[in-house]
Amino acid sequence: MLNPWVLIGLLFLITYGSRVIGIEFMAGRKMSPTLRLYFSYVPIAVISALIVKQVLIPVDGELTISLPVLIGGFFTAVANLLTKRFLPSVLIGIIIGLAVRYFLI
Amino acid sequence: MAAAKETIKTAFIEALPLAVAIFAYGLSYGVLAAQAELGIAVIVLMSILVFSGSVQMVVVAMLTVGASLASILFTAVLLNLRNLLYGAALAEGILPAKKWRWLLAYGVTDETFVLGIARYKVYGPDPLYFGVITATFYIAWVLSGLMGTLIGNQVDPQKWGLDLAFPLTFIALLLPGLNTSPAIATAFTAIAIGIGLEYLMPGNELTIIIAGVLAPLAGLYVRGRSKDA
């Protein structure tokens, strides 16, 4: 059995290090307009990829589609486009996703 | 002072849905870590110092199958690669905090990145906002890990749909930003890369960083073409 205190200490160093390096690397640097534009698209790319990973779930090495997330997400998107309100859109999606989980699966 | 109060209130309200999801995830972590017989002090200290759901869950899973220290640390490095990208993108929004940025850096995660960038795009650098959402998530994460350890398997986050809060919050945050052709091209490229990589290597840990690095190039390309046209 590994020494858990040593493990936690090393995990802390790795995780905090990864968090601070990106910030410090960019600290005080003047970004070119293209780089600034690039970084303005990074969040869109990352969030899109995060959503894909939540919809496509690996089960025993095979990919499966999470219908509660997919259908709930669709209704969150529709509600968001119609109402432009963040919290109600998420709540509507969760309620519909839960309904899918209990009635369709 | 009034502006600071308003920022704190807004940050807390906007962090709440994700904090609920983090709480649910933290419960799962606590339950699994307790089952792995890690001990309450180790479980809670890991949450306090590491503050990373993906890293902690994977570490617990690897410990239960007797993985070596080297393989656990290597996996942790892979899981944390995306933080480099997050930090670089968040830097401008955090730098006004001066030396406090070393503390704020502790809060660089998927969730704080998503909310922090959304705020930065509309209001510019706002370290206070970032600090409040980080504190909200941190408290939710540490407390839920402790609760999960204490109550064991008595709560099922899936039953209450708490697991759905993550992806649906991300969708609600993403959509308002998809208002230009380059943004839409970036999103579709990231989705295509994500599906492709997940299809080839289900559950791999590089999808987010690869999509995060490559898909914005599609946005730049589309923007370049539209300027030329």
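Hydrogens, waters and symmetry mates play no part in the numbers below; they use all other heavy atoms, side chains included. Just so it is clear: chains get the letters A, B, ... in the order the sequence lines come, proteins before strands, and each one is counted from 1.
With a threshold of 4.5 angstrom between heavy atoms, A185(B) does not approach chain A through any atom at all. Residue contact with chain A, scored on non-hydrogen atoms closer than 4.5 Å, involves the side chain of V59(B) exclusively. If you measure heavy-atom distances from Y86(B) to chain A, the contacts under 4.5 Å come from the side chain alone. Of the atoms belonging to V90(A), heavy atoms from both backbone and side chain fall under 4.5 Å from chain B. Both the backbone and the side chain of Y38(A) have a heavy atom closer than 4.5 Å to some heavy atom of chain B. There is no contact between L197(B) and chain A, counting heavy-atom distances below 4.5 Å. When heavy atoms are compared at a cutoff of 4.5 Å, E14(B) approaches chain A solely by way of its backbone atoms N, CA, C and O. If you measure heavy-atom distances from V55(B) to chain A, the contacts under 4.5 Å come from the side chain alone. If you measure heavy-atom distances from F113(B) to chain A, the contacts under 4.5 Å come from the side chain alone.
Distance CD1/I14(A) to CG/L79(B): 10.0 Å, rounded to 0.5 Å. Here CG of L173(B) is found 12.0 Å from CD1 of I44(A). Values are rounded to the nearest 0.5 Å. Between the CH2 atom in W102(B) and the OH atom in Y16(A) there is a gap of 6.0 Å [rounded to 0.5 Å]. Rounded to the nearest 0.5 Å, atoms CD (Q56(B)) and CG (L11(A)) are 8.5 Å apart. Rounded to the nearest 0.5 angstrom, L7(A) CG and L63(B) CG are separated by 6.0 Å.
Note: V69(A) leads I21(A), V6(A), I95(A), V69(A) in heavy-atom pairs under 4.5 Å with chain B. The greatest number of non-hydrogen atom pairs below 4.5 Å with chain A, out of A172(B), A211(B), G177(B), is found for A172(B). Of the listed residues (I208(B), L175(B), I117(B), L220(B)), the greatest number of heavy-atom pairs within a distance under 4.5 Å of chain A belongs to L220(B). Ranked by heavy-atom pairs under 4.5 Å with chain A, the list A88(B), A215(B), P17(B) is led by A88(B). Counting heavy-atom pairs closer than 4.5 Å to chain A, the top residue among V77(B), L81(B), V213(B) is V213(B). Contact count against chain B (heavy-atom pairs under 4.5 Å) is highest for G22(A) among S66(A), A77(A), P58(A), G22(A). Taking chain B as the reference chain and counting heavy-atom pairs below 4.5 Å, the highest number among L91(A), L56(A), L37(A) is found for L37(A). Heavy-atom pairs under 4.5 Å with chain B were tallied for I57(A), V42(A), L81(A); the largest tally goes to V42(A). Interface summary for chain B: among S89(A), G73(A), P43(A), the most heavy-atom pairs under 4.5 angstrom belong to P43(A). The most heavy-atom pairs under 4.5 Å with chain A, out of A183(B), P202(B), A190(B), come from P202(B). Contact tally against chain A (heavy-atom pairs below 4.5 Å) for I94(B), L90(B), I195(B): the top residue is I195(B).
Across all non-hydrogen atoms, the minimal contact from S18(A) to N80(B) is OG-CB, 3.3 Å. Residue S48(A) comes nearest to I191(B) through the heavy atom pair CB-CG1, 4.0 Å, listed as atom of the first residue, atom of the second, then distance. Across G194(B) and V52(A), no two heavy atoms sit closer than the pair C-CG1, 3.7 Å. Of all heavy-atom pairs spanning F12(A) and L49(B), the tightest one is CD1-O, 3.0 Å. Contact detail for P182(B) and Y41(A): the closest heavy-atom pair is CB-OH, 3.1 Å. Minimum interatomic distance between R19(A) and F51(B) (heavy atoms only, all atoms of both residues): NH2-O, 2.5 Å.
Counting only distance, with no hydrogens or angles, the side chain of K121(B) and the backbone of S40(A) share a donor-acceptor pair below 3.5 Å. Judged by distance alone, the side chain of K53(A) and the main-chain N or O of E198(B) form no donor-acceptor pair under 3.5 Å.
Each of V20(B), T169(B), L168(B) was checked for a side-chain contact (heavy atoms from CB on, under 4.5 Å) with I94(A), and the lone residue meeting it is L168(B).
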